[in-house]
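This report concerns only the one structure given below.
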Amino acid sequence: MNKSTRTENALRNILTGVTGQAVLLLFSFLCRMVFVRCLSEEYLGVSALFTNILSMLSLADLGIGTAIVYELYKPLAERDEDELASLMKVYATAYKIIGTVVAIVGVCLIPFLQFLIAEPPNIKENIYVLYLLFLFNTASSYFFSYKSSILTADQKNYIVLLVNYGITVGQNVLQIVLLLFTQDYLLYLICQIVCTLIFNFTISAIAGKEYSFIKRKNVKKLSKEKVKRMVTNIKALVIVKISGVLVNSSDNIIISAIEGLASTGVTSNYTLLSSTLNTLLTQVFSGMSAGIGNVNAVESKEKKKFMFDVVNLLDFWLFGWCAVAFMILSSDIVRICFGNSYVMELRVVYIMAVNFYTVGMQNVVWLYKSTLGLFNYGKYLTLITGGINIILSIILGLKLGVFGILLATFISRLLTNIWYDPLAVFKYGFQDSFSEYAKKYLFFAAVLFGTFGCCYALSSILPFSYYANSGIKFLICIIIPNVIFYLIFRNTNEFKHLFIMIQNIVKKILNRIRH
């Protein structure tokens with residue numbers, strides 16, 4: 001089991017996550033550029049629609065994975081192999097059942113696909129065959145992916161990430177070659193499925209070798225107290241899971257039903273950019289999760305709260321910076337990579353950036369809710385979030401199109417979990433007032449708005465050619481937000497502590513390079 005320090009583990013996880021995700025961003029965009037030149041935009045729509053439908057089916061998980069990972073922290077810290085073997089046995093059984101349920105429910109949805117597509121797509125493949133390939137890729141993963149959880153809980157997520165990045169880059173290269181020489185979407189999907197299976201088998205083998213005790217057949221039963229706590233957490237996570245799917249996975253389905261697969265495909269290019277940025281930045285916080293869980297388990301209330309403020313400032317800095325860059329640069333990137341026909345109106349781009357930022361600012365809150373075990377708080381409110389999103393998306397989507405659907409997502413979050421989740425963390429996790437966080441949140445929003453105004457003003461007066469202007473906009477987005485953030489926050493205790501943390505990380509990196 002892991003014998004490294006929290007800092008060393010977090011450093012490995014963050015460096016692996018950020019560096020690998022940056023490489024994946026490059027290859028994903030190269031693959032998407034080839035995709036739009038070899039296949040029609042309706043294929044992009046098919047991919048986005050089926051991905052979101054199968055995200056809905058991930059409801060079958062019902063939060064079991066999150067609840068069990070939470071239970072793994074303590075026995076890993078105590079090196080209790082018997083307890084870990086028991087937990088992994090439960091996890092394995094649960095996920096095999098889940099995979100079977102996903103497959104069965106997915107097949108049962110086939111007759112209803114026609115109602116989710118506004119117009120029949122102009123593609124040569126049978127739409128139902130494509131759907132079944134997507135379904136197999138999703139359902140089969142449940143039979144293997146549970147083993148990656150013990151690596152993640154033991155602060156070795158960098159291993160999972162390295163394997164994932166290596167296989168995904170190889171997959172993208174193969175898919176590019178297949179598209180260039182065959183223009184066959186079916187082969188493109190089969191390549192994806194094969195690579196997913198290779199990843200699952202590889203991680204299973206690594207986890208089995210690293211933690212051989214999880215292969216034990218005769219394991220002790222979990223205590224009644226632990227089972228009761230797990231059931232309580234799972235019940236709460238069921239509601240959270242349903243809400244998350246209704247909010248995060250419904251947009252493309254509604255866009256497809258109202259606007260058609262072509263609009264879904266056009267929107268998906270921007271979604272690819274925002275989701276890749278979100279995944280890239282989330283790696284920073286994922287790399288900290290096990291360490292934060294350890295802090296919350298052993299440190300004082302004051303230390304927990306101060307670390308929350310430090311990580312919250314980092315969260316704002318990263319997501320605020322990228323939100324500004326997304327608003328200024330995303331259409332230029334789409335135009336250069338995919339062509340003018342894929343560029344969307346500015347109001348859609350701006351609401352996408354707002355959704356990206358507001359979700360990103362919840363990262364630290366969700367991290368603390370999970371590591372403090374606060375699964376039960378706000379469970380019904382999150383269900384209301386999903387309900388509001390569905391109703392508003394249909395109403396506003398019919399009136400305002402794609403913009404209305406995305407606006408509905410923001411409104412549903414604003415009315416519910418944007419304010420309640422941090423309230424739960426402060427009230428029940430820190431036993432402290434929520435007002436300080438609320439003031440900071442509003443201050444962050446004001447700073448971000450002013451920063452965007454400065455960048456927009458500078459970008460709008462550029463007199464050069466299109467490509468030169470895009471290059472200068474890129475430099476503006478790199479320099480201006482970071483200068484403004486530094487000038488505003490440089491004297492705060494949170495920034496000083498964060499600066500020291502970053503200095504220590506840089507020193508560790510340089511030492512490793514030298515040795």
Side-chain angles (χ1 to χ4, degrees), residues 5-11 13-15 17-18 277-278 280-289 291-296 299-326 353 356-368 371 418 421-422 425-426 429-430 432-455 475-510:
T5 66
R6 286 198 302 248
T7 303
E8 289 170 338
N9 290 318
L11 176 60
N13 290 331
I14 292 170
L15 286 178
V18 172
L277 282 173
N278 182 66
L280 172 65
L281 299 182
T282 300
Q283 296 305 320
V284 175
F285 302 98
S286 296
M288 296 179 179
S289 61
I292 293 293
N294 188 280
V295 169
N296 289 334
E299 300 289 356
S300 66
K301 182 184 79 172
E302 290 72 22
K303 179 65 177 291
K304 295 176 191 176
K305 185 175 177 297
F306 179 69
M307 286 308 300
F308 176 93
D309 290 337
V310 171
V311 182
N312 193 43
L313 175 60
L314 177 63
D315 196 9
F316 163 74
W317 198 301
L318 294 176
F319 278 90
W321 174 24
C322 287
V324 170
F326 186 88
F356 167 81
Y357 171 75
T358 51
V359 170
M361 283 300 291
Q362 294 291 97
N363 264 332
V364 177
V365 175
W366 290 331
L367 175 60
Y368 271 76
T371 55
I418 281 180
D421 284 344
V425 169
F426 274 77
F430 302 145
D432 206 344
S433 171
F434 163 70
S435 60
E436 182 184 342
Y437 173 87
K439 290 175 184 176
K440 281 186 179 179
Y441 193 94
L442 294 174
F443 180 68
F444 285 159
V447 170
L448 188 64
F449 184 78
T451 303
F452 168 69
C454 291
C455 292
L475 292 176
I476 288 172
C477 290
I478 291 291
I479 297 169
I480 299 300
N482 287 297
V483 169
I484 291 174
F485 293 169
Y486 172 75
L487 292 174
I488 292 173
F489 298 109
R490 70 186 187 280
N491 292 323
T492 63
N493 291 329
E494 293 91 335
F495 176 82
K496 291 174 182 177
H497 187 85
L498 186 60
F499 186 71
I500 292 171
M501 287 173 59
I502 293 171
Q503 276 186 317
N504 290 336
I505 288 172
V506 171
K507 286 178 183 177
K508 286 180 178 290
I509 294 171
L510 292 176

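Side chains included, hydrogens not; waters and symmetry mates left out as well; all remaining heavy atoms used. Quick caveat: nothing in here was measured; it's all calculated off a predicted structure.
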Spacing of Lys496 atom NZ and Leu498 atom CG [to the nearest 0.5 Å]:
13.5 Å
Compare every heavy atom of Ala445 with every heavy atom of Tyr357, then report the nearest pair and how far apart it is.
OH-N, 4.2 Å
Using distance only, find each side-chain donor-acceptor pair of residues 306-322 under 3.5 Å and give its atom names and separation, not counting sequence neighbours.
unit_1, atom_1, unit_2, atom_2, d
Trp317, NE1, Asn482, OD1, 2.8
Trp321, NE1, Cys477, O, 2.8

Where Pro481 and Val324 come nearest, the two heavy atoms and their spacing:
CG-CG1, 4.3 Å
In the structure I gave you, are the side-chain heavy atoms of Phe444 and Ile488 within less than 4.5 Å of one another anywhere?
no
Mind checking whether Leu448 and Phe452 have side chains closer than 4.5 Å, heavy atoms only?
no
Quick one: do Tyr368 and Asp421 satisfy side chain to side chain contact (heavy atoms under 4.5 Å, CB included)? Show the steps, please.
CA-CA 10 Å; Tyr368 271 76; Asp421 284 344; over 6 Å; no
Please tabulate, one pair per line, all N/O donor-acceptor pairs under 3.5 Å involving side-chain atoms of residues 432-441, not counting sequence neighbours.
unit_1, atom_1, unit_2, atom_2, d
Ser433, OG, Ser435, N, 3.2
Ser433, OG, Ser435, OG, 2.8
Glu436, OE1, Lys305, NZ, 3.3
Lys440, NZ, Glu494, OE2, 2.7

